[in-house]
Amino acid sequence: MSPPTSPTPHTAPNTPHPAPLVTRFAPSPTGHLHVGGARTALFCWAFAQAQGGRFMIRIEDTDQARSSDESARGILEDLAWLGILWNDGPTLTTPLGAIGAQSRPVGPYFQAQRLGLYNQYLEALVRAGRAYPAFESAQEIDVLRQAAVAAKKTFRYPRPADVVPGVFPAQRWSRAQAGEPHVVRFVAPSAEVVVNDQILGPVRFAPGEMDDFVVRKTDGFPTYHFAVVVDDELMGVTHVLRAQEHLINTPRHVALQQAMTRLDTGARFATPVYGHMPLIFNMDGTKMSKRDKAKAARKAAKDALTKNPALNAGTLAAATGLAETAVSAFLNAESDDVNTAEAVARHFKVGLPEIEVYDFRASGYLPEAITNFLALLGWSPGMKDAAGKDVEKFDMAFLAKHFSIDRIGKKPAQFDRTKLLSFNADAIKALPDAVFAQRLVTWAAEFNPAFAAQLAALPEAARTRLLAVIKPRCRTLGDAPGVCAFAMVSDQALAFDPTAMDKAVRTDAGRAVLRAFATALPGLNPTEPAAVDAWVKAHAEAGGMKMGEVAQPVRIALTGGTVSPPLGDVVAVLGTASSLARVERCLAQA
RNA sequence: GGCCCCAUCGUCCAGCCUGGUCCAGGACGCGACCCUUUCAAGGUCGAGACACGGGUUCGAAUCCCGUUGGGGUCACCA
């Protein structure tokens with residue numbers, strides 16, 4: 001090993017890796033799976049698939065304060081829902097089988113369970129004179145940092161004079177062993193570090209840029225940098241694809257790798273192949289984050305407060321059942337609490353932007369639409385279809401076959417919800433009717449139980465026809481309840497839109513059409529939608545009317561409004577008796 | 001501010017590596033029209049970009065340099 005002060009540049013060599021190729025996605029379980037994380041996981045998965053390698057999940061729960069098991073499970077479930085399945089990692093039992101059950105024996109896959117390992121490697125690093133206990137408190141460091149900022153200088157932790165690279169810091173070690181609170185810092189190399197990034201090309205970091213960063217915190221847990229390097233080595237990770245925000249961290253990881261040897265084989269740590277992909281932003285250019293939900297809800301609340309001076313934090317708290325202190329903190333942007341945001345949004349009936357995979361799931365997006373769309377954020381197949389157009393619609397199997405690092409772009413992408421919505425609408429349209437019905441029922445059972453119950457209450461034939469008819473009218477599964485509403489309300493509870501009634505029904509012509517329809521209805525076969533449509537056409541021709549003059553009064557009578565699926569289908573779903581009852585009732589109000 | 005990354009239609013992507021076939025192609029959105037019993041769906045057409053300035057070259061969206069702009073990161077978070 002070259003001494004740390006060597007002028008020899010530290011490089012991350014792009015050496016070919018023998019099989020198996022291993023990629024990993026390593027989320028920290030501090031919330032739901034973010035769409036950005038989902039894309040990272042997708043790319044890691046796709047690359048491993050395309051290369052015949054393995055895709056691994058590791059849970060980075062070294063932040064004791066913020067990590068939770070529920071979050072870890074939620075992230076795994078979201079990944080599974082998206083169809084991003086892992087070869088190695090925690091086992092997740094699903095109706096389709098246990099994911100991760102065939103993992104390589106390199107676990108545990110939760111970092112909090114690997115503390116012993118980190119400590120062994122840490123002690124070896126200290127004994128090699130490449131790390132040392134440091135006893136300044138976080139507060140003391142903070143003072144130094146503030147001073148540096150005030151002086152407009154970059155703060156770098158000054159290495160204590162008694163620390164000599166390559167020499168075991170015996171005194172510091174015994175103080176630490178005696179129980180004195182401390183962190184452990186890495187002796188940063190003074191040479192240049194070059195990262196041969198597979199997406200960005202070689203990235204050079206000048207000597208002296210890196211300071212002696214912390215590798216173990218006061219609480220005894222390793223920092224992200226240390227845990228990642230140890231685990232990637234011990235778990236055989238060969239390729240690291242991650243977001244560009246990690247690019248700056250990479251020299252630290254490379255430096256660590258070059259300072260460390262395996263305890264079992266004595267081999268030097270390998271440096272994996274790195275690729276840093278561009279970030280994903282909102283359409284306004286800001287970083288997508290959970291805070292966007294709070295921002296949206298706050299805006300809705302402020303708008304309402306402006307319009308209605310009687311409203312304030314107190315009345316809002318009463319209306320939403322929240323604590324007044326929580327509401328005012330939220331309104332003053334002192335808190336971005338998600339629960340508060342959601343309660344406020346519900347109160348003002350505004351939708352919150354989907355940020356996490358779970359949000360999109362709840363809104364009725366299809367996993368295949370999300371993964372397709374996400375894949376295009378930073379990657380493209382660069383292929384033309386038979387018509388000579390760019391290929392942009394593809395499934396997971398296509399990705400698994402064609403994904404490659406060299407087609408990952410470099411520039412950050414903005415998350416265009418409108419385009420995602422279009423992809424989702426297309427994905428729904430592509431579903432066979434039976435599959436659509438099954439997906440909708442599954443979705444409703446989880447996210448809209450009331451609608452699920454209404455669907456279940458429908459006769460099977462009517463439900464089948466209804467769902468087939470609404471399919472092209474749904475851009476998300478969440479659109480379905482609205483489109484289906486006419487069929488879910490009882491004949492007696494159906495409300496006729498007053499404006500529509502005045503315009504098309506409360507006229508001599510309108511009433512006459514409804515009477516004629518009521519007369520004809522019992523003779524029309526309800527299972528044959530074409531019969532109703534034919535009647536509309538014939539009646540219009542016979543009366544010298546436009547089709548709309550006949551169809552709209554009937555539509556209003558049957559559905560309460562001017563917008564609905566085709567009349568034949570509406571009658572087919574409602575049945576003759578119900579249709580007749582609605583027409584009679586409408587006539588009574590005309 | 002230091003360090004690092006990036007730069008083609010409003011947005012996502014193709015083209016750039018291997019300069020000419022590019023007065024730049026596809027998709028979403030937008031506009032118009034067609035279809036049509038409403039709403040969707042479907043079809044046709046259209047508007048819409050190589051950030052700027054220097055080079056190199058017979059020739060640059062493509063190569064080089066600079067400027068400007070955008071972003072990331074500067075934690076005992078990951």
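Chain identifiers are assigned alphabetically (A, B, ...) following the order of the sequence lines, protein sequences preceding nucleic acid strands; residue numbering begins at 1 within each chain. For the numbers below, each heavy atom of this structure counts, side chains included, while hydrogens, waters and symmetry mates do not. Model, not experiment: these values are computed from the prediction.
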**Q.** Side-chain N,O (A:Arg185) to OP1/OP2 (B:rA75) below 4.0 Å
**A.** no
Q) Given B:rC77, is OP1 or OP2 found less than 4.0 Å from the side-chain N or O atoms of A:Thr30? A) no
Q) Which nucleotide, B:rU38, B:rG26, B:rU11, lies nearest any side-chain atom of A:Lys389? A) B:rG26
Could you go through residues 476-487 of chain A and list every donor-acceptor pair under 3.5 Å that involves a side-chain atom there, pairing it with any protein atom two or more places apart or in another chain?
residue  : atom : partner  : partner atom : Å
A:Thr476 : OG1  : A:Ser363 : O            : 3.3
A:Thr476 : OG1  : A:Gly478 : N            : 3.1
A:Thr476 : OG1  : A:Asp479 : N            : 3.3
A:Asp479 : OD2  : A:Arg475 : N            : 2.8
A:Asp479 : OD2  : A:Thr476 : N            : 3.2

Q. Can you check whether A:Lys217 has a side-chain N or O nearer than 4.0 Å to OP1 or OP2 of B:rC77?
A. yes
Q) Closer to the 5' end of RNA chain B via nearest nucleotide, is it A:Val228 or A:Val536? A) A:Val536
Q: Provide, to the nearest angstrom, the distance between the CG atom belonging to A:Asp197 and the P atom belonging to B:rC5.
A: 10 Å
Q: For nucleotides B:rA32 and B:rG69, find the distance between their C1' atoms and express it as a whole number of Å.
A: 36 Å
Q.
Is there a side-chain contact between A:Arg204 and the phosphate of B:rC5, meaning an N or O under 4.0 Å from OP1 or OP2?
A. no
**Q.** Pairwise C1' distance, B:rU21 and B:rC16 [rounded to whole Å]
**A.** 15 Å
Q) Is there a donor-acceptor contact under 3.5 Å linking the side chains of A:Arg555 and A:Gln552? A) yes
Q: Mark yes or no: A:Lys393 above the aromatic ring of A:Phe423, with NZ or CZ under 6.0 Å from the six-membered ring centre and no more than 45 degrees from the axis.
A: yes
Q. Side-chain N or O of A:Arg407 less than 4.0 angstrom from OP1 or OP2 on B:rG15?
A. yes
Q) Over how many whole Å does the gap from A:Gln414 atom CD to B:rG71 atom P extend? A) 10 Å
Q.
I need the NZ-C1' distance between A:Lys411 and B:rG69, as an integer number of Å.
A. 13 Å
Q) Any side-chain N or O of A:Lys503 under 4.0 Å from OP1/OP2 of B:rU38? A) no
Q) Could you state the NZ-C1' distance from A:Lys410 to B:rC4, rounded to the nearest angstrom? A) 13 Å
(Q) When you compare the side chains of A:His253 and A:Tyr224, does any donor N or O come within less than 3.5 Å of an acceptor on the partner? (A) no
Q) Counting only distance, no hydrogens or angles, is the base of B:rC76 paired donor-acceptor with the side chain of A:Thr218 under 3.5 Å? A) yes
Q. Does the ring centre of A:Phe43 sit less than 6.0 Å away from the ring centre of A:Phe403?
A. yes
Just distance, no hydrogens or angles: give the donor-acceptor pairs under 3.5 Å from side chains in residues 208-220 of chain A, sequence neighbours left out.
residue  : atom : partner  : partner atom : Å
A:Glu209 : OE1  : A:Arg156 : NH2          : 3.3
A:Asp211 : OD2  : A:Tyr157 : N            : 2.9
A:Asp212 : OD1  : A:Arg159 : NH2          : 3.0
A:Asp212 : OD1  : A:Ala188 : N            : 2.9
A:Asp212 : OD2  : A:Tyr132 : OH           : 2.7
A:Asp212 : OD2  : A:Arg159 : NE           : 2.7
A:Arg216 : NH1  : A:Asn119 : OD1          : 2.7
A:Arg216 : NH2  : A:His182 : NE2          : 3.4
A:Lys217 : NZ   : A:Thr62  : O            : 3.0
A:Asp219 : OD1  : A:Phe221 : N            : 2.8

Q.
Under 3.5 Å for both donor-acceptor distances, Watson-Crick or wobble: does B:rG48 have a partner, and if so which one?
A. none
Q | Distance test, side-chain N/O of A:Lys419 to OP1/OP2 of B:rG10, below 4.0 Å | A | no
(Q) It should be established whether A:Arg145 places a side-chain nitrogen or oxygen under 4.0 Å from OP1 or OP2 of nucleotide B:rA75. (A) yes
(Q) I want to check one thing: is the phosphate of B:rA14, taken as OP1 and OP2, less than 4.0 Å away from some side-chain N or O of A:Ser380? (A) yes
Q: Using the C1' atom on both, measure B:rA61 against B:rC9 and round to a whole Å.
A: 13 Å
(Q) So A:Leu377, base contact, sugar-phosphate only, or nothing? Heavy-atom distance under 4.0 Å. (A) sugar-phosphate
Q) How do A:Asp533 and A:Lys152 order along RNA chain B: which one's closest nucleotide is nearer the 5' end? A) A:Lys152
Q. Contact class for A:Pro565 (heavy atom, under 4.0 Å): base, sugar-phosphate, or nothing?
A. base
**Q.** Distance in angstrom units between A:Arg473 CZ and B:rU36 C1', rounded
**A.** 12 Å
Q: Could you tell me the separation between the CE atom of A:Met383 and the C1' atom of B:rG25, rounded to a whole number of Å?
A: 17 Å
Q) Whole-Å distance between B:rA14 P and A:Phe394 CZ? A) 11 Å
Q: Assign A:Gln139 to base, sugar-phosphate, or nothing according to its heavy-atom contacts below 4.0 angstrom with the strands shown.
A: nothing
Q. Is the shortest side-chain N/O distance from A:Lys153 to OP1 or OP2 of B:rG2 below 4.0 Å?
A. no
Q. Does a donor on one side chain and an acceptor on the other come within less than 3.5 Å for A:Arg242 and A:Thr250?
A. yes
